[in-house]
Amino acid sequence: MAPISLTFPDGNARDYEAGVTPAKVAASISKSLSKKAISASVDGAHWDLQWPIEHDAQIAIHTMQDDAQALELIRHDFAHVMARAVQEIWPDTKVTIGPVTEKGWFYDFDRQEPFTPEDLGQIEAKMKQIIAARDPVRTEIWDRDRAIAHYQETGEPFKVELIDRIPEDAPIRMYWHGDWQDLCRGPHLQHTGQLPADAFKLMGVSGAYWFGDTSRPMLQRVQGVAFKNREDLKAHLNFLEEAAKRDHRRLGREMDLFHMQEEAPGQVFWHPNGWTIYTTLQDYMRRQQQAGGYVEVNTPQVVDRKLWEASGHWEKYQDNMFIVEVDEEHAREKAVNALKPMNCPCHVQIFNQGLKSYRDLPLRMAEFGSCNRYEPSGALHGIMRVRGFTQDDAHIFCEEDQIAEETEKFIGFLSSIYRDLGFPTFRIKFSDRPDVRAGSDEIWDKAEKALLDATRKITNDVEMNPGEGAFYGPKLEFVLTDAIGRDWQCGTLQVDFVLPERLDSTYIGRDGAKHRPVMLHRATLGSFERFIGILIEEHSGKLPFWIAPRQVVVASITSDADDYVHEVVSELRKAGIRAEADIRNEKINYKVREHSVGKVPVILAIGHREVEERTVTVRRLGEKQTQVAPLAEIVSTLAEEATPPDHL
RNA sequence: GCUGCUGUAGCUCAGAGGUAGAGCACUCCCUUGGUAAGGGAGAGGUCGAGAGUUCAAUUCUCUCCAGCAGCACCA
């Protein structure tokens, strides 16, 4: 066989016979590398140590030192080892797929009886046995028909389906460790003993559909996390514990912000503290929108189904709307209304009142629009995904050639607001036409191009999200993450050529003829509910001073100070600061602890000294050190800190 | 909506086929205390709802409701 030349990362090249495997290459370098090797990169592709190399190439041998490859392999091999463990314990279990996830892996199984939480321990124990056995991993490329026949024989229908999904020109790779076999694209470790037996944990069982197909029976998903070593695993479990403390549902209770109850699932009972956050944000948004050239409107909650039929929402979203039926004694038929699930059709009604001229465009119509959607029960999540919510919604009616400018303007508008609220960076996703949609392909071509081009003028950092657009148009999503890293769409911008058509909106153009406006649907925060949830988690409840519901608690150390405490509170309130007195018969330690847990940013303690000197002792949240300040000084300092960012 | 798990005092949780317990919170009393829980006493529960099995159900079974995790959905 002709020799091939392999070039190493240090630039040196060596000749090998064609068909040499990275395992042999590693062995030719040193015995220890041969043992430590986990995989290779061949011309940039992640390569199994057993796969032959047929051409000249750049090669790198990976060990556990290479984080990216090591974690990928560890997690992938854990998926296989777990599947084997499950099939060894319950041989009637069918295997499906088991991919790597961000911190670990999952494997979906088909089995009659459900896995119980207790089963997880049994599976973990079996996995440790498999690792201890150090079974060598072996791989072969099989002929497609042989693989299908094999899986039909062994009774693994999902694997047969999987093979059908593999492209014609791709190899069908089979992998083994011990007697256990799986179809897999690889690469894998040398042997199961390379897995860190003390650095993984099974995290739970849940349901999952085969390739997301709800028409098929649900599979059982077992998920795990895995790392290179025990310390990393412990660090991750610790992170999860810390994240749980930042959960907005927990902080909402601890900070007395809101509650939810059975009688109104998915709806928020805002307590005084939470409502203060809400109105503070709303006031801020109102100022921003006025400055940004928006007009504010308000529209009805209960609207006849005729309007929803006209807009197209009835057909598509009827099942997700709260329907309100009213029996009118003398009416021919029952009036059927729906609580508005969004504001756009109502805004169009305002636009449609009176003739509009091109001079009125762009018309930016904003509403703090309260909407109700009958979200599926499984979708509800604290105040992040609810059935009753208020959007900072607006619709920009404009001409086609204004789309780009309005898009740029909005992204700038949103960026500045996110910065003010403590989110200097965020992700942008672009979603294009879904399978089920309104409007012609030509219109979609136009809308997608206009939106994407305008966005790209501002940033190239746009993730593509194919097929995920709204039914009437493409959309941008502005995404923030919660405490444990789950993504939430907050802001959005959607181009819509369809609704103005359906609801017959027109304006008189320069040419004196009627034209269709384009509608841009946009929300900055998204919904107040979701945004506040994210805000709480992002700050672990320690909200920026201007948003904090209780900014200052003035706490007495002795009851002799009560009068002065009230005076201090009153001075602070005059300066526009949200201050409360705490003159309860409790020790200062007790008060400090309670208000610290309640995330009050500033505690002013007052005892005999302060009364005599007309000072206060300032204790800021998270700081052990206190400082003494004259009353007048602290009032002006705090008043300045309480100023919203747009008033600076 | 689907799969699994959970539902006991305001909160966090323990408990058992014979109608319930702890800590914190709450109320009152003592204490006036200098920066993350001072001491004592008291009050507080149709054990998520309904049905069934049983002499007896909060405990076992079923149905429903709600919550949690994931999947699906997200105008």
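Basis for what follows: all heavy atoms, side chains included, without hydrogens, waters or symmetry-related copies. So you know, we letter chains A, B, ... as the sequences are listed, proteins then strands, and number each from 1.
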Which part of the nucleic acid, if any, lies within contact of [X], taking any heavy atom under 4.0 Å across all strands shown: a base, the sugar-phosphate backbone alone, or nothing?
X	value
A:Y472	sugar-phosphate
A:P265	sugar-phosphate
A:G204	nothing
A:S556	nothing
A:P114	sugar-phosphate
A:D560	nothing
A:R253	sugar-phosphate
A:S596	base
A:A605	base
A:K340	nothing
A:E477	nothing

**Prompt:** B:A56 and B:A41: how far apart are their C1' atoms, nearest whole angstrom?
**Reply:**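 Nearest-Å result for B:A56 against B:A41 at atom C1': 37 Å.
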
**Asked** Is the NZ or CZ atom of A:K103 both under 6.0 Å from the centre of the six-membered ring of A:F227 and within 45° of that ring's axis?
**Response**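 Judged by the rule, A:K103 and A:F227 form no cation-pi pair.
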
[X] vs [N]: side-chain N/O to OP1/OP2 distance below 4.0 Å:
X	N	result
A:Y590	B:A25	yes
A:R385	B:C73	no
A:R584	B:U27	no
A:K591	B:A37	no
A:R486	B:A69	yes
A:H259	B:C11	no
A:T626	B:U35	no

**Message:** Given B:G70, B:G7, B:G34, identify the nucleotide with an atom nearest to the side chain of A:E262.
**Reply:**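 Shortest atom-to-atom distance from the side chain points to B:G7.
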
**Prompt:** Between A:Q494 and A:G266, who's closer to the 5' end of RNA chain B by nearest nucleotide?
**Reply:**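 Going by which nucleotide is closer to the 5' end, it is A:G266.
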
**Request:** For A:T214 and for A:G607, locate the closest nucleotide of RNA chain B by heavy-atom distance; then report the residue assigned to the nucleotide nearer the 5' terminus.
**Result:**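 Upstream on the strand: A:G607.
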
**Message:** Checking the side chain of A:H313 only, and the main-chain atoms of A:E309 only, is there a donor and an acceptor separated by less than 3.5 Å?
**Reply:**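 Judged by distance alone, no pair lies under 3.5 Å.
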
**Message:** Test your reading of the model: is there a side-chain donor-acceptor pair from A:Y107 to the backbone of A:F78, 3.5 Å cut-off?
**Reply:**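 Not a single qualifying donor-acceptor pair exists.
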
Tell me whether the side-chain N or O atoms of [X] pair up with the base of [N] as donor and acceptor below 3.5 Å, since no angle test is needed here.
X	N	result
A:Y209	B:G1	yes
A:T617	B:G34	yes
A:E610	B:G34	yes

**Item:** Atom-to-atom span, CZ of A:R221 to P of B:G70 - whole angstrom
**Value:**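 After rounding, the reported distance stands at 11 Å.
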
**Nearest-Å distance for atom pair CD1/C1', residues A:I123 and B:G4** =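 For the pair A:I123 CD1 and B:G4 C1', the rounded distance is 13 Å.
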
**Request:** Take the angle between the ring planes of A:H395 and A:F397 and call it parallel below 30°, perpendicular above 60°, tilted in between.
**Result:**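 It falls in the tilted class, 30° to 60°.
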
**Prompt:** Less than 4.0 Å between a side-chain N and a carboxylate O, is that true for A:R550 and A:E580?
**Reply:**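 Yes.
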
**Asked** Got a salt bridge between A:E161 and A:R216, using NZ or NE/NH1/NH2 to carboxylate O under 4.0 Å?
**Response**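 Between A:R216 and A:E161 there is a salt bridge, with a charged N closer than 4.0 Å to a carboxylate O.
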
**Ring-base stacking, A:Y317 with B:A75 (5.5 Å, 30° cut-offs)** =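 Taking the rule of under 5.5 Å and under 30°, the ring of A:Y317 does stack on B:A75.
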
